[in-house]
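A quick note: this is a predicted structure, and the numbers were derived from the prediction, not measured. Atoms within each ligand, like the ligands themselves, are counted from 1 in listed order.
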Amino acid sequence: MDKINLMDLSFEETEKFIESMGEKRFRAKQIFQWIYRGVESFDEMTNISADLRERLSQNSFTGYLRIASKLVSKIDGTIKYLFELEDGNAVESVLMKYKYGYSICISTQVGCKMGCTFCASAPLGFKRNLTAGEILGQIITVQRDSGEKISNVVLMGIGEPLDNYDNVMKFLKLANDERGLGIGARHFSLSTSGIVPRIYALMKENFPLTLSISLHSTNDTDRSAIMPVNRKYSIDKLIEACKIYTKETGRRITFEYAMISGVNDSAEKAKELGRLIKGMLCHVNLIPVNNVEGTGFIRSGRKTIEKFIEVLSSYGVEATVRRELGSDISAACGQLRRSAVESGKGSGD
Ligand code: SAH
């Protein structure tokens with residue numbers, strides 16, 4: 001029998017699980033609290049009897065993740081974690097400090113199926129989905145390890161969150177639960193490459209997170225060349241879904257646009273983008289593309305980016321440039337796992 005990850009369980013499921021072991025219900029509350037404090041082992045659960053701790057360790061585990069490596073930026077204190085999962089696979093998270101508090105970027109899958117040509121995760125392919133507990137475990141482990149309370153969560157690490165829909169929804173509900181981490185729904189951002197039917201599904205969940213769309217191009221020819229997902233869900237379909245999403249939820253959408261020199265950063269492309277999204281309840285986040293070995297893509301220069309913003313503003317579209325954090329530790333996601341896999345570690349094989 002596979003052991004149960006206690007981080008996969010909601011409060012009610014923890015109660016059922018503990019009762020099924022012949023224990024009183026109040027024990028579940030104590031154990032649940034220890035799990036969310038980020039205990040590594042059952043031995044830390046000091047108000048639980050040695051006998052019960054022993055029985056727990058036979059059929060379950062705490063979900064605390066093993067930290068395989070950790071890089072701390074000397075520039076801004078950003079911390080990048082590489083975790084090793086129970087089956088030997090590896091994923092990454094990045095802890096960032098902002099004026100308003102700590103934000104964490106987490107992974108939702110081991111690898112990714114989307115195949116975006118500029119992304120560090122694409123060449124490694126897809127291994128498996130993360131469970132809700134493994135997604136949650138990244139936050140709890142980082143909180144315990146760093147001693148900092150995390151207030152914002154971005155689902156922008158390795159993987160496509162909407163391709164692991166059920167586990168991601170379960171994770172969001174767990175992390176939102178007052179009895180657990182209690183992170184408000186509005187403090188989550190979810191980024192997708194554009195799986196249109198799942199955008200509609202998310203819209204119906206009534207979970208007011210911030211939806212980010214990785215757009216990166218303004219027409220189907222350009223977008224399909226760098227994002228294969230576009231061959232299945234075209235820009236028209238994607239933008240239509242976004243318009244309906246903003247109308248139904250009243251929530252502003254963020255469009256992410258990686259600025260790639262000579263590829264998508266001309267004033268002409270800015271006009272195309274302006275025409276495409278003008279009048280929408282949205283914001284554009286320009287990300288100077290991160291250098292990923294083998295892609296050949298180079299980030300746009302400062303002047304080109306400024307011009308791009310100026311053109312967008314003439315369409316009434318507001319754009320900002322993503323602040324770069326942890327540039328000395330290659331904090332862009334996927335890069336630590338990639339070097340671990342390429343050196344023969346963290347592949348789960
Ligand atoms: N699969 C999801 C979330 C993970 S990627 C998505 O596609 O949105 C998180 C963000 O980083 C996406 O906007 C993605 O397009 C972007 N990204 C990936 N590789 C990048 C690179 N080399 N430079 C800049 N942004 C990159």
Side-chain angles (χ1 to χ4, degrees), residues 80 91-94 96 103-127 129-130 135 138 153-165 167-168 171-172 188-196 198-199 202 209-218 222-230 232-233 235 238 241-242 253-261 263-265 282-300 305 319-327 330-339:
K80 183 159 185 171
V91 288
E92 291 172 34
S93 309
V94 183
M96 296 159 286
S103 180
I104 188 172
C105 176
I106 56 173
S107 298
T108 54
Q109 295 180 314
V110 181
C112 188
K113 296 177 200 160
M114 297 299 121
C116 302
T117 58
F118 45 83
C119 178
S121 291
L124 303 176
F126 174 76
K127 279 268 176 171
N129 283 327
L130 294 184
I135 305 174
Q138 297 168 61
V153 177
V154 297
L155 285 81
M156 257 192 214
I158 299 167
E160 167 50 55
L162 296 188
D163 184 42
N164 184 16
Y165 190 85
N167 291 343
V168 164
F171 153 74
L172 288 170
F188 292 90
S189 293
L190 183 151
S191 176
T192 179
S193 57
I195 301 184
V196 169
R198 300 275 166 77
I199 294 175
L202 187 62
L209 47 66
T210 299
L211 180 64
S212 293
I213 305 288
S214 299
L215 193 60
H216 306 320
S217 298
T218 50
D222 289 358
R223 195 165 188 267
S224 294
I226 58 170
M227 298 183 71
V229 65
N230 193 73
K232 193 154 181 196
Y233 305 112
I235 291 204
L238 178 58
C242 291
I253 279 186
T254 299
F255 287 109
E256 289 156 278
Y257 195 95
M259 294 291 284
I260 313 174
S261 182
V263 173
N264 63 359
D265 62 347
C282 71
H283 176 88
V284 174
N285 204 348
L286 299 172
I287 317 161
V289 77
N290 285 302
N291 236 327
V292 171
E293 217 186 288
T295 62
F297 290 143
I298 300 168
R299 56 173 54 180
S300 312
I305 297 177
T320 48
V321 184
R322 161 116 24 111
R323 201 178 125 217
E324 193 176 20
L325 289 170
S327 55
S330 62
C333 249
Q335 303 192 1
L336 261 192
R337 172 172 178 260
R338 185 164 167 184
S339 54

**Request:** Look only at interatomic distance and state if P161 has a nitrogen or oxygen under 3.5 Å from any nitrogen or oxygen of ligand 1.
**Result:**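 Between P161 and ligand 1, no N or O pair is found under 3.5 Å apart.
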**Prompt:** Heavy atom of G194 under 4.0 Å from ligand 1?
**Reply:**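 No; G194 lies far enough from ligand 1 that no heavy-atom distance drops under 4.0 Å.
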**Message:** Any atom of ligand 1 sitting under 4.0 Å from a heavy atom of M227?
**Reply:**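 No.
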Any idea which part of [X] is under 4.0 Å from ligand 1, heavy-atom wise: side chain, backbone, both or neither?
| X | answer |
| --- | --- |
| T192 | backbone |
| M114 | neither |
| V292 | side chain |
| E160 | both |

Give the atom numbers and elements of ligand 1 that come within less than 4.0 Å of a heavy atom of [X].
| X | value |
| --- | --- |
| G159 | 1 (N), 2 (C), 3 (C), 4 (C) |
| E256 | 10 (C), 12 (C), 13 (O) |
| G157 | 4 (C) |
| S193 | 6 (C), 7 (O), 8 (O) |
| S214 | 6 (C), 7 (O), 8 (O), 12 (C), 13 (O), 14 (C), 15 (O) |

Checking [X] side chain against [Y] main chain: does a donor-acceptor pair fall under 3.5 Å?
| X | Y | value |
| --- | --- | --- |
| N264 | A258 | yes |
| N129 | N164 | no |
| R322 | N285 | no |
| S107 | E92 | yes |
| Y233 | S193 | no |

**Residues K113, E160: salt bridge by 4.0 Å N-O rule** =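 Salt bridge between K113 and E160, a charged N being under 4.0 Å from a carboxylate O: no.
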**Request:** Please name the residue in the list F297, F118, F255 that meets the ring pair (Phe, Tyr, Trp, His ring centres under 6.0 Å) test with H216.
**Result:**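 Of F297, F118, F255, ring pair (Phe, Tyr, Trp, His ring centres under 6.0 Å) with H216 is met by F118 alone.
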**Request:** Name the option, out of T295, N290, T108, I260, that contains the heavy atom nearest to atom 23 (N) of ligand 1.
**Result:**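 The residue whose heavy atom sits nearest atom 23 (N) of ligand 1 is N290.
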**Asked** Can you tell which of H216, R322, K113 gets a heavy atom nearest to atom 14 (C) of ligand 1?
**Response**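 Closest candidate by heavy-atom distance is H216.
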**Prompt:** Could you walk me through whether S217 and D222 pass the side chain to side chain donor-acceptor pair (under 3.5 Å) check?
**Reply:** CA-CA 6 Å; S217 298; D222 289 358; 5.4 Å; no
**Prompt:** Given R299 and E324, is the salt bridge (charged side-chain N to carboxylate O under 4.0 Å, His left out) satisfied, shown in steps?
**Reply:** CA-CA 13 Å; R299 56 173 54 180; E324 193 176 20; 3.3 Å; yes
